[in-house]
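Predicted, not measured: the structure shown is a model, and the values here were computed from it.
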Amino acid sequence: MQTEARVGVAAVADGGGQRSVLSGGGRHRHEQQLKQVQHQPRIGSIAHLLAGGVAGAVSKTCTAPLARLTILFQVQGMHSDVATLSKANIWREASRIVYEEGFTAFWKGNLVTIVHRLPYSSISFYAYERYKHLLQLIPGLDRHNNSVSADACVRLLGGGLAGITAASVTYPLDLVRTRLAAQTNTMYYRGISHALYAICRDEGIRGLYKGLGATLLGVGPSIAISFYVYETLRSRWQSDRPHDSAVMVSLACGSLSGIASSTATFPLDLVRRRMQLEGAAGRSRVYTTGLLGAFRHIVRTEGLRGLYRGILPEYYKVVPGVGIVFMTYEALKSCISNFTADD
């Protein structure tokens, strides 16, 4: 979910953050940036959503091995896995997956990730525009076009609310993805539809929303941190080096914002993953005292380092993930723009 939030932030900030950058510069730089905007591909809202969804799906597929490694490390410490904590490392776990499950096992749960990504992107973009419109009606924020602080406030609140909305609506797919990716040798869930059926049968409808609280707590701070770091770095960079490629600037700033966001919110993401696996495949519950109880249990049994178990593959995933999203997104926009121009 963190990556989805970062991609949504980067895409929205890339389109909506120009005013805050332009307001602090001179007329010459303003004219240069207007010329850059005029040469960007012009496509409709539906095409934007399609390009964003496909770009996210391609990025998720390319970084799926690192995503699965992150999940497997995050859930170590639950049940019998606690005995292997001192021996765990990325290369050993990757070798185990190839040896025991085959190379294609790196993409376990990737289909549901793609299925989750498309509606998540659409809901995020649509909800962001609706929330932004509503927030601009609030007294003090209605000077959105003239005030940098009001502009930033609208984007932060709108982005946070959009992320919470998208996460809530698509959460069952996120939970199914985690359970499919966390399976190793024992295949309890045979696919998306079977996982949804088995969870409802074994745990009830509420089982599809295990860990939702930790997810919603993490989405808001994650997007807020991403917005702040991305916009601050991007504004400073464009002010100092106005002739640099806008795509490369967005790539670099988006990657750094992703690293900052992951570092700050990773413990919540780890607890979310573990709570999603509570009761999976008929196993006994580990965390029975809620979100705070889960934090206390992890710190007591694994130490503070336990809250950052799996952070290394998460870091490895951020930079190529954001880069692939931007490159695919820009390429698709150009293709769609050329196709519509030919028609």
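For the side-chain hydrogen bond (donor to acceptor under 3.5 Å, both in side chains) test, no residue two or more places apart in sequence or in another chain qualifies with S255. In this structure R96 satisfies the salt bridge (Lys or Arg N to Asp or Glu O under 4.0 Å) test together with E93, E100, E101, sequence neighbours excluded. Residues meeting the salt bridge (Lys or Arg N to Asp or Glu O under 4.0 Å) test with R241, sequence neighbours left out: D244.
In R206, the CZ atom is not crowded: 12 or fewer heavy atoms of neighbouring residues, nucleotides or ligands sit closer than 6.0 Å. By the 6.0 Å contact criterion, CE on M248 is open, its count of non-hydrogen atoms from other residues, nucleotides or ligands being 12 or less.
Note that the CG atom of L196 and the CZ atom of R179 stand 10.5 Å from one another [nearest 0.5 Å]. Rounded to the nearest 0.5 angstrom, R92 CZ and I97 CD1 are separated by 13.5 Å. Taking CG of L216 as the reference point, atom OH of Y209 lies at 11.0 Å (rounded to 0.5 Å). Between atom OG of residue S261 and atom CD of residue E314 there is a gap of 9.0 Å, rounded to the nearest 0.5 Å. Annotation: the span from L175 atom CG to T170 atom OG1 amounts to 11.5 Å, rounded to 0.5 Å. Atom CG of residue L66 and atom CG of residue L312 lie 9.5 Å apart, to the nearest 0.5 angstrom.
Looking at S239, its side chain never comes within 3.5 Å of a backbone N or O of S235 through a donor-acceptor pair. Remark: the backbone N or O of P65 is not paired with any side-chain donor or acceptor of W107 at under 3.5 angstrom. A donor-acceptor distance shorter than 3.5 angstrom exists from the side chain of T301 to the backbone of H297, with no hydrogens or angles considered.
Minimum heavy-atom separation, V112 to G109: CG1-O, 3.0 Å. Minimum heavy-atom separation, S262 to Y315: CB-CE2, 4.4 Å. A pairwise comparison of heavy atoms in A166 and S124 identifies CB-OG, 3.3 Å as the closest pair. Among all heavy-atom pairs drawn from A294 and V271, the shortest one is CB-CG1, 3.9 Å. A pairwise comparison of heavy atoms in I114 and A57 identifies CG2-CB, 3.9 Å as the closest pair. Nearest heavy-atom pair, I90 versus P313, reported as atom, atom and distance to 0.1 Å: CD1-CD, 3.7 Å.
Taking Ile, Leu, Val, Met, Phe, Trp and Tyr as hydrophobic and joining them when side-chain heavy atoms fall under 4.5 Å apart, one finds I205 isolated, its cluster having no other members. Taking a 4.5 Å side-chain heavy-atom cut-off between Ile, Leu, Val, Met, Phe, Trp and Tyr, the cluster of Y126 contains only that residue. Side-chain heavy-atom separations under 4.5 angstrom define the hydrophobic clusters, and the remaining members of the one that includes W237 are V249.
The cluster map of Ile, Leu, Val, Met, Phe, Trp and Tyr, joined by side-chain heavy atoms under 4.5 Å apart, puts Y171 and V176 in the same cluster. Under a hydrophobic clustering in which Ile, Leu, Val, Met, Phe, Trp and Tyr are joined whenever their side-chain heavy atoms come within less than 4.5 Å, directly or via other members, V219 and I123 fall into different clusters. Criterion: ILVMFWY side-chain heavy atoms under 4.5 Å apart, direct or through other members. Under it, Y188 and I199 are part of a common hydrophobic cluster. Under a hydrophobic clustering in which Ile, Leu, Val, Met, Phe, Trp and Tyr are joined whenever their side-chain heavy atoms come within less than 4.5 Å, directly or via other members, I259 and L268 fall into the same cluster. Under a hydrophobic clustering in which Ile, Leu, Val, Met, Phe, Trp and Tyr are joined whenever their side-chain heavy atoms come within less than 4.5 Å, directly or via other members, M187 and I71 fall into different clusters.
Counted by atom type alone, T165 and Y131 present one or more donor-acceptor pairs between their side chains at under 3.5 Å. If you check the side chains of Y308 and T263, you find no donor sitting under 3.5 Å from an acceptor.
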task: Any chance you could lay out the side-chain contact (heavy atoms from CB on, under 4.5 Å) test for R309 and R305, step after step, and finish with the verdict?
output: CA-CA 7 Å; R309 193 170 302 284; R305 291 181 60 185; 5.6 Å; no
task: Evaluate the side-chain contact (heavy atoms from CB on, under 4.5 Å) criterion for residues I311 and F73: first the C-alpha distance (whole Å), next the side-chain angles of each, then the deciding distance (0.1 Å), finally the verdict.
output: CA-CA 9 Å; I311 189 69; F73 275 103; over 6 Å; no
- request: Output, in order, the C-alpha distance, side-chain angles, deciding distance and verdict of side-chain contact (heavy atoms from CB on, under 4.5 Å) for F295 and L307.
  value: CA-CA 8 Å; F295 272 104; L307 294 174; 3.7 Å; yes
- request: Please lay out, stage by stage, how L180 and N110 fare under the test side-chain contact (heavy atoms from CB on, under 4.5 Å).
  value: CA-CA 9 Å; L180 290 175; N110 188 58; over 6 Å; no
- request: May I have the step-by-step check of side-chain hydrogen bond (donor to acceptor under 3.5 Å, both in side chains) for D202 and Y197, ending in yes or no?
  value: CA-CA 9 Å; D202 299 340; Y197 168 76; over 6 Å; no
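Here the side chains of S257 and I225 are not in contact, with every heavy-atom distance at 4.5 Å or above. No side-chain heavy atom of T232 sits less than 4.5 Å from a side-chain heavy atom of R236. In this structure, R68 and K108 have side chains that are in contact, with non-hydrogen atoms separated by less than 4.5 Å. You'll find the side chain of L291 reaches within 4.5 Å of the side chain of L217, heavy atoms only. With a 4.5 Å cut-off on side-chain heavy atoms, R272 and K210 do not count as touching.
A distance below 6.0 Å separates the ring centres of F103 and F106.
Note on D174 versus R273: salt bridge recorded, some NZ/NE/NH1/NH2 to OD/OE distance being below 4.0 Å. The pair R274-E302 meets the salt-bridge criterion, with a side-chain N (NZ, NE, NH1 or NH2) lying under 4.0 Å from an Asp/Glu carboxylate O.
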